[in-house]
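As structure tokens, the structure follows; a few thoughts come after it.
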Amino acid sequence: MKAEFWLLDVNYEVRDHGPEVWLWGIQDDGKRVLVIDRSLSPYFYLQVDEGEDPKAVVERIEALRASLPLLAGLEVVDRKYFGRPVKAVKVTCQDPDLLDKYAKRLSKTQGVKRPFEEDIRYSMRYLIDNDVAPCAWHEVEVEEAENTLGVRVDRVYLARSPPRGVERPEAPPLRILGLSVVCYSPRGTPKPSRDPVVIVSVATNAGGEKQFVARDSEDRELLEAFTKYVRDFDPDLIVGYGTNRTEWPYLLARSQKLKVGLYVDRAKAEPHTSVYGHVSVTGRANLGLLDFADELPEVKVKTLENVADFLGVMRLEQRLLIEDVDIPAHWEDPGKRPELLRFSAENTRCVMGVAEAMLGFATQLSSLVGLPLDHVGAAAVGFRVEWFLIRQAQKIGELVPARGPRPYIPYAGALVLEPKPGVHEDIAVLDFKAMYPNIMLLKNVSPDTYVPPGEPDPPGGVNVAPEVKHRFRVEPQGFYSSVLSCLIAIRDDVRSRLKAFEPRSTEYRVLDARQKAVKVITNASYGYAGWVGARWYVKPVAEAAAAWGRHAILNTIRLAREVGLEVVYGDTDSVFVKNEPEKIRKVSEEIGELLQLEVKPDVVYPRVLFTEAKKRYCGLLPDGRLDVVGLEAVRGDWAAAAKRVQERVLEIVLRDRSPDKAAEFVRQYISDLRARKVPYRDLVIWKALTMPVEEYAVRTAHVEVAKTLMKEGWDLSVGDKMGYVIVRGPGRLYEKARAHALASYEDVDIDYYVSNQVLPAASRILSLFGVTEEELLPS
DNA sequence: GCCTGATTTCTACCA
DNA sequence: ACTGGTAGAAATCAGGCG
């Protein structure tokens, strides 16, 4: 019989000496199923030395067979490595966990150059080899089996054939459970060995809301009740915020200590930490939404409340927020405990809202790159690109290069023009459409088409990069080139289908999420190519793409000037020119002919203001809104007070064209600030720890604050944002920084905020109009 | 030892 | 833990001065 299912999760098991893949899915009738497939044997490759007879290598390995009991098969195969044909021995092995060990051992065989793909996990191997993608529909020939495993699904199937993809864009209705957790520690970061979980707030997309609250800091019953709740609801998705890093590890450690089985998965086991440091719940997808918050660069401090506010899930002003340092007092005080309960419940509501906003993108990204839903968020951008590449490599018989340490040598990147400071009227921004991907596509820039120095030109000819002179074969089409054309084709297809639907329809939202996912991967391809950690890293590839990019923008500038278009600024793939449509059309046309790249006006600013610095400007949009770029107003490491003032100054200067009015506004603001009428939170400065505190070479405010907090028992790690205020007193700035949650308004050094935050931010703009800092101070 | 300009360190941004 | 190019604040260094 045939079964159709949407793939939610995948794992593998070794049972009765045979590996099997477990595909957890959801069917049309709402049944949750487990499809077990034993058809694919794990394997790796051994590349055979050039000039060596592969059969001889096979025989040598055969001779070792007695000592390799789980070796299942040897086959000589033709593959490609960086585009060149190679002979390899495909070694199949019964136990997927022995691939690495066997590969190491057999690599020493005479005539073997090196092993390949022994580091690809069996479950990924299965998905890739069968072209099975998570978060997508598949049909499979199956026979129903009895649920002797005790897995929590409606049906268990044995696959008779590998699943085949079915074109169906929408996900089935999923059961989603959201959670947030509060732990209690009298002081500092809670420790599971010592401190209880006191509140677990859950919510479901079936409308359920519940709180599990510890009785007198006894959390055994709470953990048991929570576990039971999860099992009873039987979610497909478990969502939280930062749960991979904090809440799940805590719940696990705590339940281990109390000997409570946290059996929340579909396979009678506990959650476990998986490849990308995320927590995996077998048969479900556990998502930490913080992992997807990187897609929202507008949100600078990525707390749940900020993300929820940005997405319109729950407004910050409406929230009751409790800082970590204030949690113990709220739990201890029966009068304040209800506030803590409300805070926790709101967190879970925010989690559910954020999940709704982000799931479309997450599932599309998962199906596109082929990583299981719970992996894809946790995987860094480079790995997302790489898994997409690995999938494509399999299709063309390209061996997946080993990841290895390589020397890092920087190369020249993009070109940035010196802006002409001041206000310019009616400026058009000419943008290259997907510049780097299109360059790589057009010039066939790829790891496998690169012709190293010393090698003769191939018969089909080469494309030679300007300046750096790297050469790339014109044919056949390279790996990157084919992958990019595939991505571009998908995006064009999705975008054309998009037109048939209403923007609010489900179909539209699904397709829109898909085109965004494709865009993210496409745009990351150039960065991937220049990443030393990449499996397909070849420095000249990135270097050549950058050189062609410079060539493109330089030609655009030249042509613009030739037709008499004034160029006022440019950066990487954009050129800012006077808005003269006819001349622009001409430039665009000529670039199209000359470089086969598309360049066209993206926006037209009725007015745009440049500072004397590159990468910092502000454009007024036709609808009156501002595009603030690079300035303090869009930076996360300036106090909101300074950012607000600067933004307002820009508005007044660009909309009303009145530097005087703007100066008056600044004077008024500074008097308000001095009168302490500005909210305290607008004085908090946020900076991230980019390395462990002990590695800093100099003393800085945020690191000093981090050290203080750590002394108080708070665990901090790389990436954490430290919020601090500057307080009055003598000494260096770093001596006057206090954690925002531990300082009070009275301590704040207003003069610092006037002279080092608000004034510089305002003056950055107003100095262009001859307004001095003295003139910005209230009289 | 103090002052000042130059250099280094650091973060976050742009494309 | 995708790239290089960039700004700007603050810390720190280095050298002159007395």
Within residues 429-444 of chain A, which residues have any heavy atom lying less than 4.0 Å from an atom of DNA chain C? none

What is the nucleic acid contact for [X], judged by heavy atoms within less than 4.0 Å: base, sugar-phosphate only, or nothing?
X      : answer
A/G413 : sugar-phosphate
A/Y734 : sugar-phosphate
A/V385 : nothing
A/A688 : sugar-phosphate
A/A412 : sugar-phosphate
A/G636 : sugar-phosphate
A/R384 : nothing
A/K539 : nothing

Tell me the interatomic distance from [X], atom [atom1], to [N], atom [atom2], rounded to whole angstroms.
X      : N      : atom1 : atom2 : answer
A/Y537 : C/dA1  : OH    : P     : 14 Å
A/H375 : C/dA1  : NE2   : C1'   : 16 Å
A/F383 : C/dA1  : CZ    : C1'   : 6 Å
A/L290 : C/dA1  : CG    : P     : 18 Å
A/R732 : B/dT9  : CZ    : P     : 15 Å
A/L415 : C/dG5  : CG    : P     : 10 Å
A/K643 : B/dC13 : NZ    : C1'   : 12 Å
A/K687 : B/dC13 : NZ    : C1'   : 14 Å

Run the salt-bridge test on [X] and [Y] with the 4.0 Å N-O cut-off and return the result as yes or no.
X      : Y      : value
A/D119 : A/R403 : no
A/R681 : A/E305 : no
A/R635 : A/E632 : no
A/D571 : A/K615 : yes

Would you sort out whether A/E117 and A/I390 count as a side-chain contact (heavy atoms from CB on, under 4.5 Å), showing the intermediate values? CA-CA 10 Å; A/E117 306 192 15; A/I390 289 172; over 6 Å; no

Reckon [X] has a side-chain N or O less than 4.0 Å from the OP1 or OP2 of [N]?
X      : N      : result
A/Y408 : C/dG4  : yes
A/T700 : B/dC10 : no
A/K721 : B/dT11 : no
A/Y569 : C/dT6  : no
A/H702 : B/dC10 : no

Take A/V416 and A/A524, find for each the nucleotide of DNA chain C with the closest heavy atom, and name the residue whose nucleotide sits nearer the 5' end. A/A524

Determine the minimum heavy-atom distance between A/Y724 and A/A737, stating which atoms define it. CD1-CB, 3.9 Å

Checking A/R738, A/K736, A/R699, A/R732 against A/E704 for salt bridge (charged side-chain N to carboxylate O under 4.0 Å, His left out), the one that qualifies is A/R699

Check every atom of B/dC14, C/dC2, C/dA11 against the side chain of A/A380 and return the nucleotide holding the closest atom. C/dC2

Distance from A/E694 atom CD to A/K707 atom NZ, nearest 0.5 Å? 9.0 Å

Test salt bridge (charged side-chain N to carboxylate O under 4.0 Å, His left out) applied to A/R644 and A/D682, step by step: CA-CA 9 Å; A/R644 277 188 221 290; A/D682 286 0; 3.0 Å; yes

Testing A/Y528, A/W531, A/F388 for ring pair (Phe, Tyr, Trp, His ring centres under 6.0 Å) with A/F383, which one passes? A/W531

Give me the distances for all protein-to-nucleotides 7-9 of chain C N/O pairs that come in under 3.5 Å?
residue : atom : partner : partner atom : Å
C/dG8   : OP1  : A/R616  : NH1          : 3.2
C/dA9   : OP1  : A/R764  : NH2          : 3.2

Answer yes or no: is there a side-chain heavy-atom contact under 4.5 Å between A/V445 and A/N463? no

